[in-house]
Amino acid sequence: MPELPEVEHTRRTLEPHLVGRTVVAARLLRRDIAVAPGDPPGGFSRSRTRRHDAPRRLTRADLLAGERIARLDRRGKQLAIVADSGRALLVHLGMTGHLAWRPPGDRAPAPPHVHATWTLADARGRDAGRLIFRDPRRFGGLWILRSPEDLAARWAALGPDALTITPHDLAARLAATRRPIKAALLDQSTIAGVGNIYADESLFLARIHPATPADRLTADQVAALAAAIRQVLHESLDAGGSTLRDYLDATGRAGAYQDAHRVYGRAGLPCPACGTTLLALRLGQRTTVACPSCQPEPRLPRAGGRGRRVITRR
DNA sequence: CTGGTCTCCTGATCGC
DNA sequence: TGCGATCAGGAGACCA
């Protein structure tokens, strides 16, 4: 669900309620949403072949119980809750994950699919509410990190953050791959934070066809794309993110950027720039919407004289 | 190595 | 109204 703007907006709405607070109790209601050091890659329950591996035991401190929260960091779509001790919890929201802060004395019944909760206290030990992690579809999860080095190691696998991407950095990443630009943008090791919505929105603004091989973009196109990515992400952040179905920030408010989408979810409707009917394509297993007029198909030399269609119309 | 496909899971929506 | 098929904002595993 959430891409960079939604995660960053969650971070900002969570920050005043978490930083400086102490976790007095943590509850993990489903062990299989947490990944600890020593668990198989991706989590003990997330790999079919290793499904039956025994989970490692978790300590109270692994879930930050007894720890004071120093700050909230974000890289791409990942949010890190970092304690004074250097321990951290890395949160992936996946498609339907949600972090919510509930005030002290909140009596609302717990919704279904809550997988973890943290009880907070302020510096004087008074009740400071609770943090709740909910994720119906369970594509998200928690990564337990025991040191700043653990966090640095995980983030080393991510590309540069999309919110501040420069043409220079983007060009370097894109030159290394022949995949369609849309697929490259969705790969978090290329650039961190762009998902299906903002990939389509950025490519439209930059007037680039989503099937264009990444290494064939001109310098001008890469510069336009970097600017478009930053623009779209900032616009969305200013609007509190996009709420298609599930997304709410940490205080329960929906975003408004879905009303400003130029192409995402608008196949069959007129292009906002030229009026041509927007087309839906299937690219990298993901629905992709583009304007056939504003984003013309790249002219490619046919390797060996045999053309191969990269795009399938739906 | 690279890049394409499958899969994990729940729930909303649509067509019949 | 009921029911099955299809589709979702992500990303790791697996395969050629």
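Computed from a predicted model, the values in this text were never measured in an experiment. Letters A, B, ... are given to chains in the order of the sequence lines, protein chains preceding strands, and every chain is numbered from 1.
One P atom belongs to C:dT6, the other to B:dC6, and the distance between them is 15 Å to the nearest Å.
As rounded to whole Å, 12 Å separates atom P of C:dA8 from atom CD1 of A:Ile197. Rounded to an integer number of Å, the gap from A:Arg286 CZ to C:dG10 P is 5 Å. With rounding to whole Å, A:His115 atom NE2 is found 12 Å from B:dC9 atom P. Atom CZ in A:Arg154 sits about 11 Å away from atom C1' in C:dA11, given to the nearest Å. If you measure from atom CG of A:Asp215 to atom P of B:dT2, you get 13 Å, rounded to the nearest angstrom. Regarding A:His98, its NE2 atom lies at a distance of 16 Å from the P atom of B:dG11, rounded to whole Å. Atoms CZ (A:Arg134) and C1' (B:dC9) sit 14 Å apart, rounded to a whole Å. Atom P of nucleotide C:dA8 and atom CG of A:Leu93 are separated by 20 Å, given to the nearest angstrom.
Applying the side-chain hydrogen bond (donor to acceptor under 3.5 Å, both in side chains) rule to A:Arg74 yields the partners A:Glu8, A:Asp161; only residues at least two apart in sequence or on another chain are considered.
A perpendicular orientation is assigned to the rings of A:Tyr198 and A:His261, their planes being inclined by more than 60° (bins at 30° and 60°).
Note on A:Tyr198: nothing from the nucleic acid sits closer than 4.0 angstrom, heavy atoms only. Within the nucleic acid shown, A:Thr177 comes within 4.0 Å of sugar-phosphate atoms alone, with no base atom in reach, counting heavy atoms only.
Summarising the geometry of A:Pro2 relative to A:Gly97, their closest heavy-atom pair is CG-O, 4.3 Å, with the distance given to 0.1 Å.
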Problem set entry | Pairing annotation in dot-bracket form, given for DNA chain C with Watson-Crick or G-U pairs under 3.5 Å and | for cross-strand partners | .|||||||.|||||||
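Applying the side-chain contact (heavy atoms from CB on, under 4.5 Å) test between A:Trp118 and each of A:Leu18, A:Leu89, A:Ile132 identifies A:Leu89 as the sole match.
Candidate nucleotides B:dG4, B:dT10, C:dG10 were compared by shortest atom distance to the side chain of A:Asn196, and C:dG10 ranks first. Of the candidates C:dG9, B:dG4, C:dA8, the closest approach to any side-chain atom of A:Arg282 belongs to C:dA8. Set against C:dG10, B:dC9, B:dA12, the side chain of A:Arg245 has B:dA12 as its closest nucleotide. Here the nucleotide nearest the side chain of A:Gln285, chosen from C:dG10, B:dC6, B:dT10, is B:dC6. For A:Glu3, taking side-chain heavy atoms from C-beta onward, the closest of the listed nucleotides B:dC8, B:dG4, C:dG9 is C:dG9. Side-chain proximity of A:His113 to the nucleotides C:dG9, B:dT10, B:dG4 is greatest for B:dT10.
Residue whose closest nucleotide on DNA chain B sits further toward the 5' end, between A:Pro112 and A:Arg178: A:Arg178. Summary of the strand contacts: A:Gln188 and A:Arg137 both lie near DNA chain C, and taking for each the nucleotide with the nearest heavy atom, the more 5' one is attributed to A:Arg137.
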Exercise. Run the salt bridge (charged side-chain N to carboxylate O under 4.0 Å, His left out) check on A:Arg87 and A:Asp62 step by step: do they pass?
Worked result: CA-CA 8 Å; A:Arg87 286 179 173 272; A:Asp62 281 339; 2.9 Å; yes
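Residues A:Pro160 and A:Arg173 have side chains in contact (heavy-atom distance under 4.5 Å, counting atoms from C-beta outward).
Using a cut-off of 4.0 Å between Lys/Arg side-chain N and Asp/Glu carboxylate O, A:Asp73 and A:Arg71 are scored as salt-bridged. Ion pairing of A:Arg124 with A:Asp122 is absent here, as no side-chain N (NZ or NE/NH1/NH2) approaches a carboxylate O to less than 4.0 Å.
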